[in-house]
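One structure below.
Computation of the quantities below employed the complete heavy-atom set of this structure, encompassing side-chain atoms and omitting hydrogens, waters and symmetry-equivalent molecules. Only a predicted model underlies this, so the values are computations on that prediction, with no experimental measurement involved.
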Amino acid sequence: MQEQLIAKVMDEIKKRVETENASQGARPAQESFKAGANPGITEFVGTAIGDTIGLVIANVDPILHAKMKLDPKYRSIGILGARTGAGPQIMAADEAVKATNTEIVSIELARDTKGGAGHGSLIIFGAEEVSDARRAIEVALKEVGRTMGDVYANDAGHIELQYTARASHALVKAFNAPAGKAFGLAVGAPAAIGVLMADVAVKTANVEVVGYSSPASGTSFSNEVIIMLSGDSGAVRQAVIAARETGRKLLETMGGAAASATTPYI
Amino acid sequence: MQEQLIAKVMDEIKKRVETENASQGARPAQESFKAGANPGITEFVGTAIGDTIGLVIANVDPILHAKMKLDPKYRSIGILGARTGAGPQIMAADEAVKATNTEIVSIELARDTKGGAGHGSLIIFGAEEVSDARRAIEVALKEVGRTMGDVYANDAGHIELQYTARASHALVKAFNAPAGKAFGLAVGAPAAIGVLMADVAVKTANVEVVGYSSPASGTSFSNEVIIMLSGDSGAVRQAVIAARETGRKLLETMGGAAASATTPYI
Amino acid sequence: MQEQLIAKVMDEIKKRVETENASQGARPAQESFKAGANPGITEFVGTAIGDTIGLVIANVDPILHAKMKLDPKYRSIGILGARTGAGPQIMAADEAVKATNTEIVSIELARDTKGGAGHGSLIIFGAEEVSDARRAIEVALKEVGRTMGDVYANDAGHIELQYTARASHALVKAFNAPAGKAFGLAVGAPAAIGVLMADVAVKTANVEVVGYSSPASGTSFSNEVIIMLSGDSGAVRQAVIAARETGRKLLETMGGAAASATTPYI
């Protein structure tokens, strides 16, 4: 009888919470809606973590094409956009250009992450055939799950690490990475953490510093310091891992446990 | 008796939640405070949706006037500012300048929307008489309710559509709109959605593309793509509606139902 | 018996809430973690309100040193970074340089405050000895508690006031303040509030306007208007207090009670 009473109370609580949500204009339950489901639009490819969306346009309107300052040789474009993340999407795009007959035509970083300290992103692929653009977006959406693996976040901020044995066009475009060489990235937010991560990374191994970005220079006013590294693959990997250890300790000291967004890959 | 018990449990829960809120430093209930009520400041005009506030200054201090780089001929200014929204406030300001003896002296877009993907805004009206400035702000505050009608948002982002049969000074200033002609705006956030909305808009009807803004160009690093359209009023309206249909489907695929912020007007 | 039942129901609710949190990937309780505790990193100095962190590096890596464009004469740096706040941290840094043998080498403002309308910050101190850098960061971290005292925030935005009888290097660097003279700052967000605060401040007392920043000019696209004042200490203080009274009334009209983040000091 006590059990029945408890169940009844729980039902009552549930009912009241729902009523309250409804009265506050919360979104009504949509039986028919399934997140990530194809919205019945040909150009839709899919979605991924970080409010990432992938789209293609087979023939971009010529006037829009000019306004977007796209290279005229690409009629078709692939579009990879996200609210949360630039590094993961750029790394994913790098794999996508390696695997397909496409090129990166533009990479833009919004100041976003939905109240977080970092960037969102808009990456445009150019292709002569829409099937190539679609394939690139498919690869990139799949890769984002992996490249989010060394993003660690808590309420105080986040750190992000990236590593690849061979940088391709997206990394050249976004970070001036030497093509074909190993490339690594270490990001700390708030930016103060990133400064120490950068120092640890370059002291750990014999790597080349390709770039250094900070809130007022090289970022879109994000609260990040980013260091970009190139060189011997073992050294780059080692540098990035050392930055991760330091950054994560500092971040967790500020805001508590900071778990991987997916599964660490480095 | 069960009913009494349930009531007692609900009371207990309520009490504990309140205690917890209080211990977390939550704002105490302010019986005396009424949001939007006149704070007893002559310069206050009113508030509107989107954390919009309207103010006037009868005689701007001459030194401040110079620092703000205002045209010396306007002693009085009207101030329209918001945390959430630039398009809606600019459209509202456009109606206000049509209806009053004022001019738009500056429009600035903050990167805001309280953790959202878009802009906040600061719009300054110039007037020779403070009564004109006040009237302009009153009109604008009233219009914001309408111009928020085709803003649709969910957790993943937002889309925004605007349309007017006749563009006036605010739209000329903010978007380089041809004066006196129909003008439309389509915004998608995350920016990827905006790219497809732009393509759909220009393919739908014979319109002139007045402008195209993206995270790194023409926005304040917001996660938006914005297309500005001019031309025949029927064509502009049709283009904007087509962009809305596509944008809303994509946005809802990402984040669930995205309802109008007020009431759709286009 | 009723009491027992209530306790049982409360336990059940607690259990279900925990289960739900866990299934949503919420951070597990970390018994071993203590926020602000030393993470076992030599470079860590401490933390403060606003997700502020203080670090030192005894010998910055020479390549990183060059990339950061630091003056070569400073081997050691102090790092003060925050998610929420630029003014409070800059004021705190100003006290720190007064008290120690250090210099401010850079001040960068991120667009941050975790979904709020303002800035985060990254401030780098240069020192010849790491002990000096550490001392500066210790002073700054301690001062941040005080300089947050005239920050008043609610859901609609925030206002911030700062005052010092004698501006030193950090204020010179950040705001072009005349060294050795009284300096004051008034910030309003949304920016519209800041415009009126600026007008009130300069009309209240005979002060010199050192600077005026707005979303599109002098800020990192924050939704703020900032006025910087110099002059006679009594006049500057009076101007700042008048701006506070007006700003707070407007902010509370928009979003309800806006309490001091710590304890008012002006």
Please flag which part of Val225(A) lies under 4.5 Å from any non-hydrogen atom of chain C: side chain, backbone, both or neither.
side chain
Residues Asp112(C) and Ala117(A): closest non-hydrogen pair is OD2-CB, 3.9 Å
Any heavy-atom pair between the side chains of Leu109(C) and Phe221(A) that's under 4.5 Å?
no
For the candidates Ala259(A), Ala201(A), Ala216(A), Ala189(A), which exhibits the highest count of non-hydrogen atom pairs separated by less than 4.5 Å from chain C?
Ala216(A)
To the nearest 0.5 Å, how far apart are NZ in Lys67(C) and OG in Ser213(A)?
10.0 Å
So which residue, Gly40(C), Ser220(C), Gly81(C), ends up with the most heavy-atom pairs under 4.5 Å with chain A?
Ser220(C)
Is it the case that atom CZ in Arg237(A) sees more than 12 heavy atoms from other parts of the structure closer than 6.0 Å?
no
Value rounded to 0.5 Å, distance of OH in Tyr212(A) from NZ in Lys69(C):
10.0 Å
In a check of side-chain contact (heavy atoms from CB on, under 4.5 Å) between Lys203(A) and each of Asp61(C), Leu64(C), Ile63(C), which one passes?
Asp61(C)
A quick test of your reading: do over 12 heavy atoms of other residues, nucleotides or ligands sit less than 6.0 Å from NZ of Lys142(A)?
no
Top of Arg111(A), Glu224(A), Glu208(A) for chain C proximity - count of heavy-atom pairs under 4.5 angstrom
Arg111(A)
Partner chain A: residue of Thr84(C), Val60(C), Ile123(C) with the largest heavy-atom pair count (under 4.5 Å):
Val60(C)
Closest heavy-atom pair and its distance - Asn223(A), Ser121(C):
ND2-N, 4.3 Å
Treating Asp51(C) as the side-chain partner and Gly157(A) as the backbone partner, does any N or O pair qualify as donor plus acceptor under 3.5 Å?
no
Is chain A contacted by the side chain of Ala66(C), its backbone, both, or neither, given a heavy-atom distance below 4.5 Å?
neither
Atom pair CG/CE of Leu55(C) and Met197(A) - distance to nearest 0.5 Å:
12.0 Å
Look at atom CD of Glu129(C) and say whether more than 12 heavy atoms of other residues, nucleotides or ligands are closer to it than 6.0 Å.
no
Can you say whether Ser214(A) sits under 4.5 Å from chain C via the side chain, the backbone, both, or neither, judging by heavy atoms?
both
Heavy-atom pairs under 4.5 Å with chain A are the metric here; pick the option from Lys114(C), Arg83(C), His119(C) that has the most.
Arg83(C)
Within a strict 4.5 Å, meaning less than it, do heavy atoms of the Leu250(A) and Ile41(C) side chains meet?
yes
Start with the C-alpha distance between Ile77(C) and Val195(A), add both sets of side-chain angles, then the distance that settles side-chain contact (heavy atoms from CB on, under 4.5 Å), and finish with yes or no.
CA-CA 10 Å; Ile77(C) 62 170; Val195(A) 176; 4.2 Å; yes
To the nearest 0.5 Å, atom CE of Met254(A) lies from atom CD1 of Ile53(C) at 5.0 Å
Max heavy-atom pairs within cutoff under 4.5 Å with chain A, candidates Asn59(C), Ile57(C), Ile107(C), goes to Ile57(C)
Rounded to the nearest 0.5 Å, the CZ atom of Phe44(C) sits from the OG1 atom of Thr246(A) at a distance of 13.0 Å
Output for pair (Thr219(A) OG1, Glu108(C) CD), nearest 0.5 Å, gives 8.0 Å
